[in-house]
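Taking it in order: structure first as structure tokens, then the write-up.
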Amino acid sequence: MSEPSPLRTTIPLPAGFRARDVLAFHRRDSEQLAEQVTEQRVRKGLFWDGVPACLALDFGTNQVVVELVVDGRRPEGSLARLDQMTRRMLGLTQPVEAFEAAMVDHPQLGPVVARNRGLRVPQTATPFEALTWAVTGQQISVSAAVSVRRRFIQAAGAAHSSGLWCVPDARRVAQTEPAVLQAAGLSRTKAATLKAVSEQVVAGELPLEDPLAETSAEAIGAQLNRIKGIGPWTVSYALMRGFGWMDGSLHGDVAVRRNLQTLLETPEKPTEAETKAWLEPFSPWRALVAAHLWGLQSAAGY
């Protein structure tokens, strides 16, 4: 019996689309356990309706060719869903043009935005993946978070037939014992938080795996804030990376505060309260402002 054919679609890209930002975002793990990045291509392991799958994004000059290979079967009626997920992952739904137009005359941010025209926030395949990354990264360095994430994927995920590991979905995490999550490097609190979130997702109480266009990010944020171990930074980061919500205030982010100090040329790093006050006038684009502040640090920025 022949293997089922993959799902394929082609998505046009706007002029000047910054594929390098997407490639850099998925290149964080040098061991390439769940994401494999080459010069113009990303391959990513994920679960599609609970089945191991491999997503491939091949970037051309004005388009990206998308291919999804699901182990053992070809899902029917999924092209529209694949298209929606990919557009969200690439940041194509973000109001970048309106933001850039509004920032033209800003004395401090205007020149930064002009130098990084077209900057979008690359996103995860699902909001649940973004939430797991945000919880994993609480109060530890990026390199440490990448290491823990790698072990977390091996503890709760599964390998696709291509050899790539698939980032765990909520059902997988809900079925994983807390002790196993802790052995992967998560603290007791972080393991309990991920278990609580995943159980609510599986119960249908939190739509974090296949978000609909009408899903209110603010409502999801309010639910997340009621879960022990989740605070404002985690909510804002997860909603930005998972839902494309561009109004989260990342005033608690260390890199945002450090780079704001550079931008404003102040002798001391702004406090969280000062950073929050500075970001407030930029609503509803505060997360995009944070992305531009991250961009001051390196070419990939975030």
Side-chain angles (χ1 to χ4, degrees), residues 20-37 42 44-45 119 121-125 127-157 165 167-168 173 178 180-195 197 224 227-242 248-263 266 268-276 279 286-287 289-302:
R20 65 184 182 276
D21 292 345
V22 178
L23 295 168
F25 176 64
H26 292 289
R27 198 184 283 121
R28 290 171 299 176
D29 185 355
S30 61
E31 294 190 15
Q32 302 194 70
L33 179 78
E35 293 92 7
Q36 184 182 74
V37 181
V42 175
K44 177 180 176 65
L119 187 150
V121 180
Q123 295 181 239
T124 54
F128 181 76
E129 180 186 351
L131 193 282
T132 60
W133 170 252
V135 171
T136 299
Q138 290 171 348
Q139 300 179 325
I140 60 176
S141 68
V142 174
S143 60
V146 168
S147 177
V148 174
R149 176 182 185 262
R150 187 186 307 131
R151 286 178 282 159
F152 164 71
I153 290 171
Q154 291 175 307
W165 278 78
V167 178
V173 177
V180 174
L181 297 178
Q182 291 176 53
L186 292 163
S187 68
R188 182 187 298 272
T189 298
K190 290 180 180 180
T193 298
L194 290 182
K195 287 283 288 184
V197 171
L224 289 174
I227 298 174
K228 185 178 179 180
I230 294 181
W233 179 88
T234 302
V235 170
S236 291
Y237 188 91
L239 293 181
M240 176 189 68
R241 284 288 190 212
S249 179
L250 289 158
H251 53 275
D253 189 276
V254 174
V256 167
R257 292 171 54 209
R258 180 176 61 245
N259 291 345
L260 181 58
Q261 177 186 2
T262 300
L263 180 67
T266 58
E268 301 291 335
K269 185 167 63 179
T271 64
E272 289 192 24
E274 290 168 341
T275 304
K276 182 178 182 180
L279 287 170
R286 288 175 291 179
V289 172
H292 278 274
L293 290 173
W294 282 328
L296 292 175
Q297 189 175 3
S298 66
Y302 43 90

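This is a predicted model, so every value here is computed, not measured.
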Any donor-acceptor pair under 3.5 Å from Gln154 side chain to Trp165 backbone: no
Can you tell me how far apart OG (Ser249) and NZ (Lys276) are? Round to the nearest 0.5 Å. 6.5 Å
How far apart are the C-alpha atoms of Leu224 and Thr234, what are their side-chain angles, what is the distance that settles it, and do they pass the side-chain contact (heavy atoms from CB on, under 4.5 Å) test? CA-CA 9 Å; Leu224 289 174; Thr234 302; over 6 Å; no
Nearest-0.5 Å distance that lies between atom CD in Glu35 and atom CZ in Arg28: 7.0 Å
Nearest 0.5 angstrom please: Leu186 CG to Gln138 CD, how far? 10.0 Å
Ala130 versus Arg241, closest heavy-atom pair with distance: CB-CB, 3.7 Å
I want to check something: taking the side chain as every heavy atom from C-beta on, are Thr193 and Lys228 in contact at a cut-off of under 4.5 Å? no
Provide the closest heavy-atom pair for Gly242 versus Pro127 in the form atom of the first, atom of the second, distance. O-CG, 3.5 Å
For Ala191 and Pro178, which heavy atoms make the closest approach, and how far apart are they? CB-O, 4.2 Å
Closest non-hydrogen atom pair, Ala125 against Lys44: CB-CE, 4.0 Å
Here the pair of heavy atoms bringing Ala145 nearest to Gly137 is CB-CA, 3.9 Å
Should we count NZ of Lys195 as having more than 12 external heavy atoms under 6.0 Å? yes
Within a strict 4.5 Å, meaning less than it, do heavy atoms of the Phe152 and Lys190 side chains meet? no
Check whether any side-chain N or O of Arg150 sits under 3.5 Å from a backbone N or O of Ser147 as a donor-acceptor pair, and report yes or no. no
CH2 on Trp233 to CG on Asp253, rounded to 0.5 Å: 6.5 Å
Under a 3.5 Å distance rule, please check whether Gln32 uses its side chain to pair with a backbone N or O of Val37 as donor and acceptor. yes
Do you know the tightest heavy-atom contact between Ala287 and Met240? CB-SD, 3.8 Å
To the closest 0.5 Å, what do you measure between CZ (Arg27) and CG (Asp29)? 12.5 Å
Does any part of the side chain of Thr136, heavy atoms only, come nearer than 4.5 Å to the side chain of Val146, both counted from C-beta? no
Between atom CG of Leu293 and atom OG1 of Thr275, what is the distance when rounded to the nearest 0.5 Å? 9.0 Å
Beyond-backbone contact of Asp21 with Val121, side-chain heavy atoms, under 4.5 angstrom: no
Report yes or no: do Trp294 and Asn259 form a side-chain donor-acceptor pair below 3.5 Å? no
Ser187-Thr189 side chain donor-acceptor pair, cut-off 3.5 Å: no
Is there a donor-acceptor pair closer than 3.5 Å between any side-chain N or O of Arg257 and the backbone N or O of Pro270? yes
For the pair Glu129 and Arg149, find out whether any cationic side-chain nitrogen is under 4.0 Å from an anionic carboxylate oxygen. yes
Would you check if Phe25 and Thr124 make a side-chain contact, meaning some heavy-atom pair closer than 4.5 Å? yes
Looking only at atom types and distance, does a side-chain atom of Gln261 sit under 3.5 Å from a main-chain N or O of Thr266, one as donor and one as acceptor? yes
Does a side-chain heavy-atom distance below 4.5 Å link Val148 with Arg151? yes
If you count every heavy atom of other residues, nucleotides or ligands that lies below 6.0 Å from Arg188 atom CZ, does the total exceed 12? no
